[in-house]
Structures are given as structure tokens and as C-alpha cells.
Engineer: 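Before I ask anything, let me first share the structure, which is written out below as C-alpha cells.
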Amino acid sequence: MKKLFYNARIHTPEDPGHAPSGSAQKNIRQYPKGALLVHNGVISQIGNEEELRKEIVRNETIIDQEIDCSGRCLIPGFVDPHTHMCFARRREEEFARRLGGASYLEILEKGGGILSSVRSVQEATDRELIDNTVSHALSALSYGTTTVEMKSGYGLDADQELRMLAVISQVAKTTPLTVVPTFMGAHAIPQEDKENPDRFVDRVVREMLPQVASQGIARFCDVFCEQGVFSIEQSRRVLAAAREHGLGLKIHADEVHDLGGAGLAAEMEATSAEHLLAAGEENLRQMAAKGVIGVILPATAYSLKKPYAPVRKMIEMDVPVALATDCNPGSSYTESMPFIFGLAVMNMDMDVEEALTAATLNAAYAIGEERRSGSLDAGKNADFLLLDGATPAILAYHAGVPSVQAVYKLGERVV
């Protein structure tokens, strides 16, 4: 099946073969009156509509369907490279407690936060967990996310972590989204190991990781490197063991304190370091030198009323920047990448072009999906959005209003 999408204002990041950094994050290819030729769900050609039509005639290509985009802006589907959307219950009451002055770590220390979500996952049936996760995934799809990463981490034992990964795998089979599963057994320290966290790290390394690797679902391993959670040395142990089992490496780094997680990400040559609200300059330089992608989560800073990550500094240092929702029941309950785009442009001083690259191409590189998604290039999946505007700026300009008018996955309209 060959489809021609025409009369579109196409905006797509330039893919140089690696995650763009520095000024290259602004490199956006534009076709004011562009067209996209899609063959069996994959982009075969992209370019100026008049030239593309001439080539179609010259090659005697038979088009099965033509779709008029009505002059709307056409961009790649969003890639959300950091979510915790596999959970059982919301934590709305904790949000109210934070508004009353309680800190995120204070709530965690009292058995709330992640530990509260662990209890609710343990209590939920498989059907409840699947339905809740599918609901979040479809909501994300409606806002334009076509590829999403999902982490486990509300299990904290081998059986529950494997169960969560199985649920995430099921979401990939029952929704149109491309889903990338990440194992995050080291998300918090269980109450029974609070006085001896190394004992829990031993279980992650010796029990959970071998079973996760044997299951063959997870593509990455993440660890929460933070004061009061996992130390630099404990995080290094988890990541080193994950590498031995063939998993890609990610790290929740320096969200609250400058513990040095960004530097550890560089040392371990992780694919990405995520959060980075408190990351120091020297560690950011080390990330830049190793090409570690900084996955920035502005909705978390928004929800926690914290200063945003130093994105302008990171871009000046040549750290490749990606954007994500961090969708979770506690510190960032949103599935909307347009909301993230707006926060990045309005509150973090990112250019529209930088934000577009961060929410698509660099996000794809952050989860190993750059060959299939993130930009509109021949050979990549025909995952794209039509916006209610002439440029991607509409996502920040028309604040709080859905600007995504249509979502296409593999060339099929799914929203």
C-alpha cells in the first residue's frame, strides 16, 4: 500500500547519525509545501510536493491513496523516553501534602512515594494493572506520543518486577504504540532493607537481573542514584551487572542533590542520565564528552515546585538534550508531550527547534529507537502528527489546548 500525504508544512529534525547536541539541536529541515510518500507503513520519500510528484510520474509509481493535509504542520510523532506509567493507583493525596510543604524525600522516608505505589501494585490484579497502563498509553497516544519508554520499579522483588515487565510487554501488543521496556528494580529501598540497603542491592544484582535477562523483555536497566536512595557505589554495582547481562544503561541522576550521578553516567557510558535538576557543571562536561543524553523532565520540576534543569547550560556544553513526561503517580502525573514542549519553551528557554529535536529525535536516541523513529527520513516508520497550526510553535503558543489534530502510526491514522 502506497500513500501520498501532501499539502503539508513539514518540520523534521536533521538526523546526523547520532544525537544532535549544541547548535545542531536547532537543525530542522522544512518543506513549506511538502509531501510524504509512505509504503507499507515506512517512509519511502519526503520532500517538496511539486518535485516529489514529478518523480512519482517519472518512475510511474502507482499511489493507492492520497491524503490532503490541508496546509497543516506535519512533525514526527513524539517519543517519550522516560515514563513510569505502569502503576496501579494515583497518589493525589501526596500531591496535596507536597503543596502543604512536605518534601518528596520526606514522604518517601515515611513509607509514601514510590513505596506507596509498590504496595498498590502488589495488591492489584493483573487485569487492573494492564487496564490502568493501557489507559495511560492510549492517553499519551492521543497527545501525539507514538513511541514510549516504560519502566518497572514498583515491584522491588523479582516476581513483581517480572510481572510489571510482562504487563508492559502486553501494552505493546494491545496498543498502536512502540513500547520500550526498562527494568528499574533499584527504584527504592524496601522497608525491610532500610537499615541494610546493600542487602537489597545484592538481590537486584544476583536475583532480579539474571531473571530479567532470561525473560528477554527489558532493553535497559535504570537505577535511582540519589541521597537516601542508592549511592554512587551501589548504583555502579547495579549498572555494571546490567551491562554484563546485555542491557543498556540509564540512570536517574542528581534529581534532588548533586550526588555525582551525571558523572557516573559518563563513567559507565550510559545511554542517558535522567532528571539532572541538581547536576554540577563538571559532571555535565563529562556527559558531553561521552555523548550521554540528558533526558530532562520539566513536569517533575513543575509538580515539585523545583528549579528546572539547566538546559541552556547543557546545550552550550554540547550535552544532547531530550524531553520526557516522567509520567508517574507521584511527582509528574501527565501523559502530555505537548505540555512538556510548552514548559521547555516557556520556562526553560529552549528554542522551538531545540524542543522539537529534544521531543523527537534525541528522545529516540535515548531509547535506542533512532533507526525507526524521531525524524521523517526514508526508511523510518511513518509515525507523524498533524498540528492545528503552521509551525511547531503552536504547541507552546496555544497553551493548555490540544494542538495535535491527527496522529499517524505506520501511516495509519490512529487518533
Engineer: Locate the shortest heavy-atom distance separating Thr360 from Gly77; write the atom from each residue and the value.
Structural biologist: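 In this case the closest contact between Thr360 and Gly77 is CG2-O, 3.8 Å.
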Engineer: Whether the side chain of Ser272 engages the backbone of Glu274 through a donor-acceptor N/O pair (distance < 3.5 Å, no angle test) should be reported.
Structural biologist: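 Not confirmed, Ser272 side chain does not pair with Glu274 backbone.
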Engineer: Grab the two heavy atoms, one from Met350 and one from Ile315, that are nearest each other, plus how far apart they are.
Structural biologist: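 Scanning both residues, the minimum pair turns out to be CE-CD1, 4.3 Å.
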Engineer: Which side-chain hydrogen bond (donor to acceptor under 3.5 Å, both in side chains) pairs, counting each pair once, include a residue from residues 167-176, with sequence neighbours left out?
Structural biologist: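 Not a single pair qualifies under side-chain hydrogen bond (donor to acceptor under 3.5 Å, both in side chains).
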Engineer: Got a salt bridge between Glu128 and Arg89, using NZ or NE/NH1/NH2 to carboxylate O under 4.0 Å?
Structural biologist: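 No.
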Engineer: Under a 4.0 Å N-O cut-off, is there an ion pair linking Asp222 with Lys151?
Structural biologist: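 A salt bridge links Asp222 with Lys151.
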Engineer: Which pairs count as side-chain hydrogen bond (donor to acceptor under 3.5 Å, both in side chains) when at least one residue sits in residues 66-75, sequence neighbours excluded?
Structural biologist: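 side-chain hydrogen bond (donor to acceptor under 3.5 Å, both in side chains) check on residues 66-75 returns Asn7-Asp68, Arg53-Glu66, Arg72-Gln405.
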Engineer: Would you name the heavy atoms of Met208 and Gly185 that are closest together and state the gap between them?
Structural biologist: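 Heavy atoms only, the tightest pair is SD-CA, 4.2 Å.
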Engineer: Do any N or O atoms from the side chain of Lys306 and from the backbone of Leu277 form a donor-acceptor pair under 3.5 angstrom?
Structural biologist: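 No, the answer is negative, given that no donor and acceptor are paired below the 3.5 Å cut-off.
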Engineer: Can you list everything that forms a salt bridge (Lys or Arg N to Asp or Glu O under 4.0 Å) with Arg163? Sequence neighbours excluded, please.
Structural biologist: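 Counting only residues at least two positions away or on another chain, Arg163 forms a salt bridge (Lys or Arg N to Asp or Glu O under 4.0 Å) with Asp126.
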Engineer: Which heavy atom in Val229 sits nearest to a heavy atom in Gln234, and how many Å separate them?
Structural biologist: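 Nearest pair, atom of Val229 first, then Gln234: O-OE1, 4.0 Å.
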Engineer: Between the main-chain N or O of Thr325 and the side-chain N or O of Ser332, is there a donor-acceptor pair closer than 3.5 Å?
Structural biologist: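 Confirmed, Ser332 side chain pairs with Thr325 backbone.
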Engineer: Are more than 12 heavy atoms, taken from residues, nucleotides or ligands other than His245, located less than 6.0 Å from that residue's NE2 atom?
Structural biologist: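 Counting neighbours around NE2 of His245, more than 12 heavy atoms of other residues, nucleotides or ligands fall under 6.0 Å, so yes.
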Engineer: Look at Glu233 together with Arg236 and state whether they make a salt bridge at an N to O cut-off of under 4.0 Å.
Structural biologist: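 Result for this pair is yes, salt bridge flagged.
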Engineer: State plainly whether the residues Arg97 and Glu93 are in salt-bridge range, i.e. N to O under 4.0 Å.
Structural biologist: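 Result for this pair is no, no salt bridge flagged.
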Engineer: For residues 213-244, which residue pairs qualify under ring-ring contact (aromatic ring centres under 6.0 Å, His included), counting only residues two or more places apart or in two chains?
Structural biologist: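 Every ring-ring contact (aromatic ring centres under 6.0 Å, His included) pair that includes a residue of residues 213-244, provided the two are not neighbours, is Phe224-His252.
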Engineer: What residues, two or more places apart in sequence or in another chain, satisfy side-chain contact (heavy atoms from CB on, under 4.5 Å) together with Ala279?
Structural biologist: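 By the side-chain contact (heavy atoms from CB on, under 4.5 Å) rule, Ala279 matches Asp254, Ala262, Leu276, Leu284.
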Engineer: Considering non-hydrogen atoms only, spot the tightest contact between Val256 and Glu226 and give its length.
Structural biologist: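 So the two residues come closest at N-OE1, 2.8 Å.
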Engineer: Does any N or O in the side chain of Glu94 come within less than 3.5 Å of the main-chain N or O of Gly113, such that one atom is a donor and the other an acceptor?
Structural biologist: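 Pair found, side chain donor or acceptor close to backbone of Gly113.
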Engineer: If you draw a 6.0 Å radius around OH in Tyr302, do more than 12 non-hydrogen atoms from other residues or ligands fall strictly inside?
Structural biologist: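 Atom OH in Tyr302 is not crowded, with 12 or fewer foreign heavy atoms closer than 6.0 Å.
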Engineer: Can you pull the ring-ring contact (aromatic ring centres under 6.0 Å, His included) pairs that have at least one residue in residues 113-158, sequence neighbours excluded?
Structural biologist: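 Non-adjacent pairs meeting ring-ring contact (aromatic ring centres under 6.0 Å, His included): Phe87-His136, His136-Tyr333, Tyr154-His187.
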Engineer: Among residues two or more places apart or on two chains, list those pairs meeting ring-ring contact (aromatic ring centres under 6.0 Å, His included) that have a residue in residues 11-31.
Structural biologist: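 Qualifying pairs: none.
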Engineer: Taking only residues two or more places apart in sequence or in another chain, which ones pass side-chain contact (heavy atoms from CB on, under 4.5 Å) with Glu14?
Structural biologist: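 If we apply the side-chain contact (heavy atoms from CB on, under 4.5 Å) test to Glu14, skipping adjacent residues, the hits are Asn27, Arg29.
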Engineer: Using only atom types and a distance under 3.5 Å, with no angle test, would you say the side chain of Ser139 pairs donor to acceptor with the backbone of Ser135?
Structural biologist: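 Such a contact is absent between Ser139 side chain and Ser135 backbone.
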Engineer: Run the numbers on Glu281 and Arg285 for salt bridge (charged side-chain N to carboxylate O under 4.0 Å, His left out), then give the verdict.
Structural biologist: CA-CA 6 Å; Glu281 288 191 20; Arg285 287 194 185 92; 3.2 Å; yes
Engineer: Checking Asp318 now: which residues fulfil salt bridge (Lys or Arg N to Asp or Glu O under 4.0 Å) with it, not counting sequence neighbours?
Structural biologist: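 Asp318 satisfies salt bridge (Lys or Arg N to Asp or Glu O under 4.0 Å) with no other residue.
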Engineer: List in chain and number order the residues that pass side-chain contact (heavy atoms from CB on, under 4.5 Å) with Asp159, two or more places apart in sequence or in another chain; answer none if no residue qualifies.
Structural biologist: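 Listed in chain order: Asp157.
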Engineer: Suppose we screen for side-chain contact (heavy atoms from CB on, under 4.5 Å). Which residues come up paired with Ser44, at least two apart in sequence or across chains?
Structural biologist: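 Per chain and number, Ser44 pairs via side-chain contact (heavy atoms from CB on, under 4.5 Å) with Leu37, His39.
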Engineer: My understanding is that only residues two or more places apart in sequence, or in another chain, count here; which of them pass salt bridge (Lys or Arg N to Asp or Glu O under 4.0 Å) with Asp383?
Structural biologist: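 Expected list: Lys409.
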